[in-house]
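Have a look at the structure below before the remarks.
Counting starts at 1 for both ligands and their atoms, following the listed order.
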Amino acid sequence: MRILILNGPNLNLTGSRETSHYGHETFESYILQLFKLFPQAKIVFKQSNIEGELINILHAATHEFDGVVFNPAAYSHTSIALADAIRAINIPVVEVHMSNIFSREHYRKHSYTAEASLGTLAGFGMEGYRMAVDFLLRKSL
Ligand code: DQA
């Protein structure tokens with residue numbers, strides 16, 4: 001199974017940014033653990049700070065992957081275009097947020113992209129990505 005892990009804006013700074021919410025580990029270090037945990041999957045990791053680039057990556061993913069684990073970051077709360085892109089592609093998208101967006105500021109409680117996704121994991125730190133990959137692999141059995 002081919003799985004795309006896609007991160008949105010500011011997540012390239014994970015490890016040094018707002019560590020009380022997102023911890024001290026870099027995503028690059030975490031993704032190496034995921035590669036080892038799931039040797040049976042072809043996992044590819046991409047990140048962009050640009051909304052249109054994320055849309056282009058999702059469009060292309062339909063042809064290249066069987067599922068997407070997507071953390072749209074702040075675009076979750078603002079982007080109808082990203083939600084439409086998720087609806088436009090024919091592969092399952094699982095939304096992940098490291099922090100519990102429901103226990104933070106009111107403007108984080110709603111996610112346009114979560115409405116378009118198969119399901120959402122929030123509040124489990126980086127482990128949410130592992131849980132989402134595990135779900136996609138089991139789903140495909
Ligand atoms: C986040 C939550 C968002 O509200 C925030 O804008 C982020 C990270 C998370 O992973 O918890 O950048 O998506």
| said: Please verify the inter-ring angle class for F27 with F45; under 30° counts as parallel, over 60° as perpendicular, anything in between as tilted. | reply: tilted
Return all side-chain donor-acceptor pairs below 3.5 angstrom for residues 99-108, not counting sequence neighbours, or 'none' if the list is empty.
from: S99; atom 1: OG; to: R104; atom 2: NH1; distance (Å): 2.8
from: N100; atom 1: OD1; to: F102; atom 2: N; distance (Å): 3.0
from: S103; atom 1: OG; to: N100; atom 2: O; distance (Å): 3.1
from: R104; atom 1: NH1; to: Y22; atom 2: OH; distance (Å): 2.9
from: R104; atom 1: NH2; to: H21; atom 2: NE2; distance (Å): 3.4
from: E105; atom 1: OE1; to: R108; atom 2: NE; distance (Å): 2.6
from: E105; atom 1: OE2; to: Y107; atom 2: OH; distance (Å): 3.4

| message | With a 4.0 Å cut-off on N to O distance, would you call D134 and R130 a salt bridge? | response | no
| note | Within the 4.0 Å heavy-atom cut-off around ligand 1, the contacting residues, ordered by chain and number, are R17, Y22, N71, A73, A74, H77, H97, M98, S99, I101, R108
| task | Specify the closest pair of heavy atoms between P9 and P72, including all atoms of both residues, with the distance to one decimal. | result | CD-O, 3.5 Å
Could you go through residues 113-123 and list every donor-acceptor pair under 3.5 Å that involves a side-chain atom there, pairing it with any protein atom two or more places apart or in another chain?
from: T113; atom 1: OG1; to: E95; atom 2: OE1; distance (Å): 2.7
from: T113; atom 1: OG1; to: S111; atom 2: OG; distance (Å): 3.1
from: E115; atom 1: OE2; to: H110; atom 2: NE2; distance (Å): 2.9
from: S117; atom 1: OG; to: T113; atom 2: O; distance (Å): 2.7

| Should side-chain heavy atoms under 4.5 Å link Ile, Leu, Val, Met, Phe, Trp and Tyr, which residues sit in the same cluster as I57? | L4, L6, V44, L54, I55, L58, F65, V68, F70, Y75, L82, I86, I89, I91, V93
